[in-house]
Amino acid sequence: MFSAFDNFPALLIWLPLAGALLSFFIRSEIVAKTTALVVSALSLGIVVASLFYSDPKFYQLTQVSYVWLPGIGSSFALVLDGLTTTLCLLTALVFPMIFLLIPKGRFQSANNFYGLMLLTHCGLMGVFMAADALVFYLFWELALIPVYFLSSIWGGEKRIKATFKFFIYTFLGSLFLLIGILYLYLHQNTQSFSIVSFYGAELTATEQTWLFLLFFVAFAIKMPIFPFHTWQPDAYEQAPTPVTMVLSAVMVKMGLFGVLRWLIPLFPLAVKNFNTTIIIVIVVGMIYASLIAIYQDNLKKLIAYSSIAHIGLMAAGAFTLSSVAIEGILVQMFNHGINIMALWIVADIIEQQTGTNKISALGGIAKKAPMLSVFLVIAAFANIALPLTNAFVGEFMIFNGLYQFKPWIAALAGVSIILSAVYTLNMVKNVFYGESSAAVTKFTDISRVQVSVLSVLTIFILIAGIYPTPMFEFISDAVGPIIKKYNPN
Amino acid sequence: MHITEILFWFLTSLSLFSALMVVFSSNPVYSVLWLILVFFTISGHYILMNAQFLAIVNMIVYAGAIMVLFLFVIMFMNMNKESEPQKSNWLRLAAAVSGGSLMLILVAALKDNGGFINSLRGEGNIGLIKNLGKVLFTQYVVPFEISSILFLSAMVGAVVLAKKEKSPVVS
Amino acid sequence: MPVIPVNYYIFFSVALFSIGIVGVLTRRNAIIIFMCIELMLNAVNILLVAFSKMHHVNAYVLDRATTVGTEAQLFVFFIMVVAAAEVTVGLAIIVMLFRNIHSVDINFLNRLKH
Amino acid sequence: MSKYVFLIPLLPLIGFLLNGLGRNFLSKTLVSIIGTGVLLISFVISLALLQEVSAPGFSPQVVKLFDFIKTSTLDIPFSFQVDQLSVLFLLVITGIGSLIHIYSTAYMKEETAPHFARYFAYLNLFVFSMLLLVLGSNFVVMFVGWEGVGLCSYLLIGYWFGNNEYNNAAKKAFVMNRIGDLGFLLAIFWMLAQFGSIAYADVFAKASTAPVAVITGITLLLFIGAMGKSAQIPLYTWLPDAMAGPTPVSALIHAATMVTAGIYMIARSNVLYSLAPFSQHIIAIIGISTALLAATIALKQNDIKKVLAYSTVSQLGLMFLALGVGAYTAGVFHVMTHAFFKALLFLGAGSVIHAMHHEQDIMKMGGLKLKLPITHITFLVGCLAIAGLPPFSGFFSKDEILTAALAKNPIYYVLGVLTSLMTAFYMFRLYFLVFTGNFRGTNEQAHHLHESPKAMTVPLIILALCSITAGWIGIPPVFAENAHHLSSFLSPVLGTPVAEHGAFHLTHSTELAMMGGLVLLIVIMIFVAFKMFNKENLTAAPYRGISSFLSNKWYVDEVYDAVIVKPLNRFSSFLDRIVEAKIIDGLVVGVGRAVQFSSRQLRYLQSGQVGSYILIMMISIIIFFIFQLFWKL
Amino acid sequence: MNAIIISALWGVLMMYTGFMTSAKRTVSLVAIIGVVLVFVANWLEYLGLSFVNMDMMGMLQFNTFGLVFNGIILFSTLIYFLLSSTEIEKSSHTPSDLYALMFFVLSGISVIAGFQSLLMLFIGIEIISIPLYVLAGSDKSNLKSNEAALKYFLMGAFSTGLMLMGIALLYGSSGSFSLEGVAAGVGVLTPMRASGMVLLLASMSFKVSAAPFHFWTPDVYEGSPTVYTSFMATVVKSAAFFAFLKLFESAFGEVHGEWQMLVAVIAALTLIIGNITAVFQQSVKRMLSYSSIAQAGFMMLGVFALNTYAKQGMILYFAAYSLATIALFAVLAKLKDHSIEALNGFAKQHPVVAFSVLISLLSLAGIPLTAGFFAKYYMLLAVLKYAELLWLALVAILSAAISVYYYFRLIQAIYFREPAAESELDFSGFFKVVMVFNAILILVLGIHPDWLIKLIY
């Protein structure tokens, strides 16, 4: 192994953190933005480099480990393995794009904005890389707090109420998580929070049931899945769109990641008990969210509900415990992030130019902005998982897993495929096609920066849709440990 | 019945009666007087139990100093009339019920405590000033010293509260 | 020799204590309430002395020179000391209040609630 | 040669990329050259492939390009299958595709350069997807193409995106296709679960090992996919609406190629279907019902393209009938002939519309044969072909289907004949209304009437020629033994047609008599049409009774709207406004409210009265005593 | 012992300072020097250097736990003096007397830090309480202050009565006042011991303002001058908790299981009542009073669990809770209007102070990377050691979630809302420095609590 590689995870934490702290003390917006850009670009570089250094065959659960709180058996342990690499890459990819897209003067006291964004960046990286339950929990919260502030300070009119609902909801969830973690820590053989010793915990069926519920609620709220989702549409709508991008592209993956990294490997008995119920609820929720999306007149809310349906599919896939579904989720988490990012960028451009989110007030943008429309159409079709876009691969595999689990559930979930076409195309039609409405008369096509960012995303969408095999190589080591306890051999 | 027992019952019943009168007399001055009677009966009990020092101190400190202070304050406030408004009836009922049930519960809890019998013969003289003083200034010197802080603070406190401010505090 | 079970003292003390509590609960005059609290303290005192005697007698059987039981009597002494200090401050507070509202009725203490 | 097969789809893809990315820079000429050129090259390569596959002793080749999805549990290569069936479709797609591209260069002339390029990009992308569909060597690649053509269909129907009705039509097409796609997808998963692979070779080899119920399930699900794509009951309503797209698009996608994908899929999986008689029954029943239903609707349509659209639905129904009775070759044969004459008819209609300045109501046409001679002749050829008169191609393919149907069940035959007669009637109604009689349009239209340019007429002529001759590769044994070249060509893939290894054998004379009778009936129908519509002064009376019912397409759209769309919308709004806002979010908010409420109530406990504070304390102490001393907690 | 002596002496000195100088600043300076000296003296004792070597006769005994506790108290008081000295000066003509009282309180707390006998407990608590009655009523012309003082006094005296009854019953059953003596039972709770224990439990719950004995808290905290509320709610409450913990650990530790459920019920009640009632409050001061009840609920979990985690967590909780609350009250004391709306847009006007307030609020809410998180964390850990009591932990976190509601209402006002008018407040540079220092301290404890916790070993 390349020794510097071992330090990559730590760098991914410290860099954004340092950048964030620096940002708070910079008065000039340009310098702050540059700092943010440099830091996030460096992170991206590190993640990309780690892709080359990582060796799937060499699977380990800890790479970096500093002693932190010896008194209670926690150490600052991080790992970059197959499960985390794609998510770290996604995080590292999303942030520079967001920074690039923010025009000067959009946000008051921009240095704080960038600082908080970088803190979020740091928190997200930490969540994904943590190899210690306590560290995981801390970053889990660290990712939440800055987002709360970002949304509440720079958000829409009803921001305070909406983001507060979001905050309290997710905070409650994470408190459940905390209880679960502490219980596990206390009732296992070794006095340690490390992921290895957690995986080795031997729990009775009752304990597993309780702990499962605690963990599950936390992750379910974060994802969010039906019926824990009601914070999400409001929060997405009210948050400033760059923050919404973080929320929906990366942050929701925290919940999924939690399910894969912690929930499923830890509580095999409980998972097996509950998974059918959970999958059914999730699938019903997918259809539910899709139906609501059909009715939405608010562009951001529509995307939010669509996201609930898509995340729901991944969550359902995870609980099938089928390795094909989990492999699908691992790539789909990345791909969904890319797709929804593209959708949000488009939504943001529209909101910035027209000042409205109401679909009924929009229309005919395609005539004014053909370039934007091309990107939107691609993103929209990626959103409905058209083959040769990236989402198809993952969703295909997840559906396959669902089918293996219970064919009728796959059929039921499939209804959401149809519904997703309905609402996505409705949106495309009402926003982009038709006659130009009053709101879009002054619409201009997108700037060069926007084109380049959207192009990068589009290229990702297509390449990952046509030739996804390299992604499967990166994640090849990840599935085994997740479902190890379910296959005794 | 031995004289001690007679005394015990006499003091006890008098004490309880006076205590009730403290609670139920509507004139504060009478309350104070009944309370002084309670203290006297309690001093009597102390003597019965051969705790002469406490009996004396009780009379001096409580009946003498403290109650005079009370009386003084009551007089100072001109409250020697019987017109104290009463609490509402259900509140008084609730008070009586809860006080009574606390007594019942404590009695029920403590009624069979291992058969300790307190024979009030004159064994030992621990209640005498000499013996108490010896222990107080050897073993109990630390609390004794420390209670001086208590007095200091009570003193400072009383001064702070009672002192008349010349003018409102200016900032 | 006359023998009085310690239970009598306990019951007596508890009764006195409860009367004090009832007084605290039923009266509205702050001074009377305070006096009822003194009543409660005296109930404790008598109980302590009784216990002191009890423990002393028990120990005396084994050792004539024992000082067992002194500590309770000293405790009573300290209670009296503290009570005195408390009375000082308490009456000062009551007087202060009286100076302001010309009443010591605790039912009028209701500016602070909810 | 087969290793270069990847070029066939790649070239249109390149064309798509060039035209799509360069739409703001390329001139229309350049766009036309790129768009058409790539297709022509593909056509040539396909011809070369034909050479290879028709050589004796050729075995199907699987050309693997790269790993599409390769994980520890799933191995789906991106690979192409080169065999007779796929090459036949390649030829049809690239051939007719090329012609339609050429035609389009003229037809779309009025568009601005970027939109012109966009149009060609879409067309190229469509061809690319269609080629993937037929070339794939496993069901996933087929599915990729399958959805790809759906996308292109969507894009092309909504090509004029300024018009919201077109957009709605596009959306409808896509959504209905998606419903079918779900069936297809589930079938894929089932096959994966059953056979562990979705490569044709593996699936077909292992098919006989699976229980019949499983095969029936899989085939039915596949058929649901086919119903969507090939516009069968109940998923056919999108196709007539799809006429919103430019007419060449209708010709290519909604007549010649994409809609036959369902036929291709079932023909491709014939091994499975042969093992599932129940599915075959279903297919036959649905096919013949669709054929009849669409034919009845077509009788009373006044939009030139709608007539053709319903005719397409009807013909597709016939093809499914063929598949349902096991005559796969007949189905594929009809796909081919239909491709020619329906493309011809659409392009002819396009030529008419072009001349009429986008007027599509046949009641406002009439007497065009003088102004549009070439269009007229070729259109007539198309009509004759579709009506099924010998020696036009339609005759042979349709006859083969009907024969096979008769062999299976006489009712199918009777209904098939009925459909054919109606087809003849409405096609000639169309013909007479458009080309004969008086011109019923505005003066201005009359003034501008002109024959279409070469780029449009030449493809018409070529297609007309094909419409005449295409049937000759499938001469039934009744005319000449072993003249059915198509059948022998396809037999490695589709097996021997049922009629030949005859459980049911008609004598040649009976067969000839039936053919003759049918032809006679068709001629009578044409004559009736001639009588009814070749009038100087035709008045368009409003439809009443059954006519109104038919012209309103059996009110199927209205029923769908009332039964599915509206309730769904209402349900969505119910979910959003009631369930989401009131119940689920209401619960969340309600918890908050409950806390606030209890906060408001609890603080009254804090009464400000010392007495009550102490009382509560005392009560609590008493309770504690009770619990500590008497009722152990 | 060092701390008791120095703080008592300094209390006397403070009384005389009032005679010697009329400059209030000087008085404050002397007080600050005094508390530093007491802190140093305590530190020296921690290092093993005791000024007096007298035989305590088993009345007092100072172990590291007590000394570290005392150190935290003294340090908090130092921060408190630094932040609030100007307000103390404003509160009276003779702040020296009030400082003296606070030094006496400190010496009482130092007694509590080492008590080994119920007598010392009693005296210590009285030394703490009596000056507090006075401090509560120190704003003599303010009726609310008067009311607070009288309520506090009456209820405090009443609870003293309960406590003494409890002590008497314990003496009756064990014949001793020392903690070991009381503990040296037969390992079961006789009815008399149990009765004594229940009464002690009630009176200690009263001192720490645990439900249902908390009723005095909101009224007294609201009525008292804000500076002294701060002192009462932090330093004094911590001391009461220390006494509670030590008493029940030493005297009733062996029969832990017998009374544990009772404490669990008290803790749960405190958490629920404190948090829920705080939600609706409109006055920041009163809200913080309820919040202090809620925090007491969390600390009760430590008393409930009585294990290593509980002790470690208590130490951390004292520090986290005191530092945060002192900072909040310090700002609040400078505000004229105590409604939440008065804080609108505070961050725009005073970014530095707002930041410190933010950190304090986050710490109180138990957000990670602040000291408050680890404090709560240890408490939960302590509770979860009892596997069957998951419900108690759930109650705790549900109330923590509710607490976020009202703490974040303040954050919303401070950070997300627009100011109504120009702020007339002016914070001195020194004040800002101390506030920031305090915030950094909270963060440091939140990142590495081990630095504090390992001191007790």
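Numbered from 1 within each chain, the chains take letters A, B, ... in sequence-line order.
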Do M59(E) and I146(B) have side chains that get closer than 4.5 Å, going by heavy atoms?
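No, every pair of side-chain atoms sits at 4.5 Å or beyond.
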P143(B) and I123(E): which non-hydrogen atoms are nearest, and at how many Å?
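Closest pair (atom of P143(B), atom of I123(E), distance): CB-CD1, 3.8 Å.
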Of the non-hydrogen atoms in L110(B) and S195(E), which two are nearest, and what is the gap between them?
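Smallest interatomic distance, heavy atoms only, reads CD2-OG, 4.0 Å.
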Segment of L106(B) engaging chain E (4.5 angstrom heavy-atom cut-off)
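Looking at L106(B), just its side chain touches chain E.
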Is T138(B) close to chain E through its backbone or its side chain, or both, or neither, when contacts mean heavy atoms under 4.5 Å?
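For T138(B), the contact with chain E is made by the backbone alone.
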With a 4.5 angstrom heavy-atom cut-off, is it the side chain or the backbone of V12(E) that approaches chain B, or both, or neither?
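It is the side chain, since no backbone atom gets that close.
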Nearest 0.5 angstrom please: [X] [atom1] to [Y] [atom2], how far?
X       : Y       : atom1 : atom2 : answer
L152(B) : F103(E) : CG    : CZ    : 14.5 Å
S153(B) : M102(E) : OG    : CE    : 13.5 Å
K163(B) : S92(E)  : NZ    : OG    : 6.0 Å

In terms of heavy-atom contacts, does OH of Y16(E) have more than 12 from other residues, nucleotides or ligands at under 6.0 Å?
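It does not: Y16(E) OH has 12 such atoms or fewer within range.
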Working note: V111(E) + I149(B), criterion side-chain contact (heavy atoms from CB on, under 4.5 Å); need CA distance, chi angles, decisive distance, verdict.
CA-CA 11 Å; V111(E) 171; I149(B) 305 173; 5.7 Å; no
Chain B: which of I130(E), I128(E), I5(E), D139(E) shares the most heavy-atom pairs with it under 4.5 Å?
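Most heavy-atom pairs under 4.5 Å with chain B: I130(E).
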